[in-house]
Amino acid sequence: MKSKTEQTDESQEPQQQRPGKSGLIMAVLVLVLANAGLWAGVVWNRSGDPTGEISFTQCDFVDFTNATDGSSRPQPFIGSLYLSIDGLEIGTDNAERLGSFYTGYVAVSRGGEAWEKHFNALSENDRRWSSSDQQLLAVAVSRRAEELFPDYGQDGRSAVLPAYVGVDRWVALNHLVQVGDGMREKLGAIPVQGKDCTPTHRLTITWGQRHEPWLSAVEEIGSS
Amino acid sequence: MDRRTAGERSQQILAFRAELALLEQQGLAKFSVAENKRVVTYHEALLADFSRRFDTDLSSSQQQLSWGMRLASTFGALAFSCAIFLFFEHYWDVFSIALQIGLASAAPLVALVLCEGVERRFATRHYTGLAALVALACFGANLSILGEIYNISASANAFLAWGAFALILAYRYDLRVVLGLGLGGLIIFVGGSLTGLLGYLWPRRDVPELYLLASGLILLLPLLAGLFGAGLFDKYSDGVAKAIRRQREVYAFAGLAGIYINLQWLGLDAQQSLLPLADWTVEYIYSLLAFAAAGLGVWLCLRQRWQIGSYLSAGFLLFYALLKYAIWFWDDWPEYVFFLILGLIALGMIVFLNRLRSRLRQQPAVLPDLAGEAKAGGEL
């Protein structure tokens, strides 16, 4: 028989409640909502008109190789390609006008009048060290993407990218381009040529509504 | 009764037994055999019940082992997370995109189910804590991998999701480390979002003042919850306010740590500041603020007898003082002078802390509400 003290104490101490299902449901909800939000962004990015499209060849990607490194591990290109964007002297005038760093947009291009002007303005040294093999140069800058769209993004050789722009520096986002399943086989079939590379395939990179890029086509040059 | 209350009650019983044994030894007090038997039986039953239901420690050696287990579970979680990460990192590119997405999306769900299973199977916290940390790591990997596959621009919103997930796990399984991590995530979310609102590109540009603000909010949240939450809106907000107040020392710890980290950041890298002043002025302002905040932190935590808070504040004060001292004087002074002065500073700090301790002995805690945390403080 329990003493009076024990009975009183037990009555004041209800048994521990095993956590209900609400916490578990909320945790699953957070996981689902976060993934759903992420997928919504991906779908939105790839819907509607692209905000940029530029064609390259396999020779433009310095690290292009489908060899393995001896550990049966494929080189990164199987999963992704790296874009290297250079160029654009924003200059003091712009700096005075724009003030300090701000979130804006740059137009990157690979050919065209503005591109030639900037490319020719680069010193030999800059061309060798700053400008990559892709020769993708930022050629215009603005606070608003709409100001760049009339001239860039729809000509097949330029794209409008979000960037962090300052006095003489800027940073364009999303240099990494993921290679989809459908493209992997095609990329893997392209022979690796090394330094003296002869372009045989055209690789098209497309930027979507959110200015996020993907590899949209791999074609043999002359086949289309 | 919750786990912490059971732990506190167990400690109280053990302390009572030790003190009673001492009193009996000195002949100052003695229970009759019947009384002693009744109290011992009652306490034994309580301790056994707490141990069974909440896995509480029944002796100081068990408590020390618990600390060891806590450290082991944290390292275990890190090791498991590293193993998972490195395995997938090694083979990742071989997997198709669909498989990559499937694995990344399923991982946190599987880890959550595992966490729930462990919680139901074992009474001890350590396994659940380990599983929850792995679930948290899987969710981080989930967002990061999908973001990389689709080149999604970095966003502070990921830290909102991650922080919310951590908070839910922490409250569901009563895990303080996970709660601290969740609050850290929310500090980054608030700071990152404010950075974007000011027109800067997060994470290319970080503004420590904004993280400072977010850390201050976290620090004050239990106080605000106490002032405005209780019964103001409805039963739900009342419950949230109570939940925040119950874990107030974790909020205080995360807030203080955030404040110290950002003050140190600003004191060392003045260019990141928003203040339109010369770099050296900003550096001196924030260095002074860092010393003042840490000193105030030590004083308040000692007054409140909040052990972990006082360790954190004193540790930061010492670390930052040494860092600034080295930056300012190492190049200019001969080494022997540098170390001589350093020794004198250490002596001065001992004298200062000793005097503070003596004064505190004579004073009761200012806020009875927080004084109660002294017992729980050591468990953080």
Side-chain angles (χ1 to χ4, degrees), chain A residues 3 5-6 9 12-20 22-24 26-35 37-39 41-42 45-46 71-80 100-104 162-165 171 173-182 184 207 210-214, chain B residues 1-3 5-6 9 38-39 41-42 45-46 49 53-54 90-100 104-105 108-109 112-113 115-116 119-120 135 139 142-143 146-155 157-158 160-162 164-165 167-169 171-174 196 199-201 204-205:
Chain A
S3 71
T5 324
E6 283 170 310
D9 198 86
Q12 287 169 348
E13 291 174 1
Q15 288 288 309
Q16 185 203 16
Q17 297 287 312
R18 181 163 286 286
S22 59
L24 199 60
M26 280 167 74
V28 173
L29 206 63
V30 168
L31 292 180
V32 170
L33 282 178
N35 279 279
L38 207 140
W39 280 105
V42 171
N45 182 53
R46 298 196 180 187
S71 64
S72 308
R73 188 167 188 274
Q75 293 295 312
F77 101 88
I78 293 290
S80 51
S100 59
F101 271 93
Y102 68 96
T103 304
Y164 194 43
V165 186
V171 183
L173 303 179
N174 294 320
H175 287 208
L176 193 71
V177 182
Q178 195 72 20
V179 178
D181 282 349
R184 286 185 182 195
W207 283 263
R210 283 163 48 113
H211 309 278
E212 288 155 0
W214 72 94
Chain B
M1 173 170 286
D2 59 17
R3 190 175 303 274
T5 316
R9 186 74 193 275
R38 198 164 60 237
V39 171
T41 314
Y42 171 60
L46 271 185
D49 184 44
R53 284 198 291 156
F54 303 109
H90 190 82
Y91 293 107
W92 198 248
D93 289 334
V94 182
F95 299 155
S96 68
I97 294 283
L99 184 59
Q100 288 179 1
S105 306
L109 275 171
L112 182 63
V113 171
C115 195
E116 187 66 16
E119 164 69 11
R120 285 170 189 273
F139 187 37
N142 168 212
L143 297 182
L146 289 187
E148 192 172 299
I149 288 175
Y150 290 105
N151 299 298
I152 293 165
S153 307
S155 161
N157 293 343
L160 173 64
W162 198 74
F165 186 64
L167 251 63
I168 292 167
L169 291 186
Y171 274 107
R172 179 164 179 76
Y173 305 120
D174 193 18
Y200 300 106
L201 186 65
R204 292 281 178 184
R205 169 76 160 96

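By convention in this document, chain letters (A, B, ...) are assigned in the order of the sequence lines, proteins followed by strands, and residues within each chain are numbered from 1. Not measured: the values here are computed from a predicted model.
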**OP:** Looking only at non-hydrogen atoms, find the nearest pair between Gly23(A) and Ile168(B) and report the distance.
**Re:**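 For Gly23(A) and Ile168(B), the tightest heavy-atom pair comes out as O-CG2, 3.2 Å.
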Original post:
Of the backbone (N, CA, C, O) and the side chain (C-beta and beyond), which part of Val28(A) lies under 4.5 Å from a heavy atom of chain B, both, or neither?
Top reply: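 When you check distances to chain B, atoms from both the backbone and side chain of Val28(A) fall under 4.5 Å.
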Original post:
Centroid-to-centroid, Trp39(A) to Tyr150(B), below 6.0 Å?
Top reply: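 For Trp39(A) and Tyr150(B), the ring centres are under 6.0 Å apart.
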Subject >> Closest contact, heavy atoms only, Glu116(B) versus Leu24(A) >> reply: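 Nearest pair, atom of Glu116(B) first, then Leu24(A): OE1-CD1, 3.6 Å.
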Subject >> Contacting moiety of Asn142(B), where chain A heavy atoms sit under 4.5 Å >> reply: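 Contact with chain A involves the side chain of Asn142(B) alone.
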**OP:** Scan Val32(A), Leu38(A), Asn35(A), Leu31(A) and name whichever one has a side-chain contact (heavy atoms from CB on, under 4.5 Å) with Ser105(B).
**Re:**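 Running side-chain contact (heavy atoms from CB on, under 4.5 Å) over Val32(A), Leu38(A), Asn35(A), Leu31(A) with Ser105(B) returns exactly one hit, Asn35(A).
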Original post:
Where is the tightest heavy-atom contact between Ala34(A) and Phe139(B), given as atom of each residue plus distance?
Top reply: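 Shortest heavy-atom separation between Ala34(A) and Phe139(B) comes out as CB-CZ, 3.7 Å.
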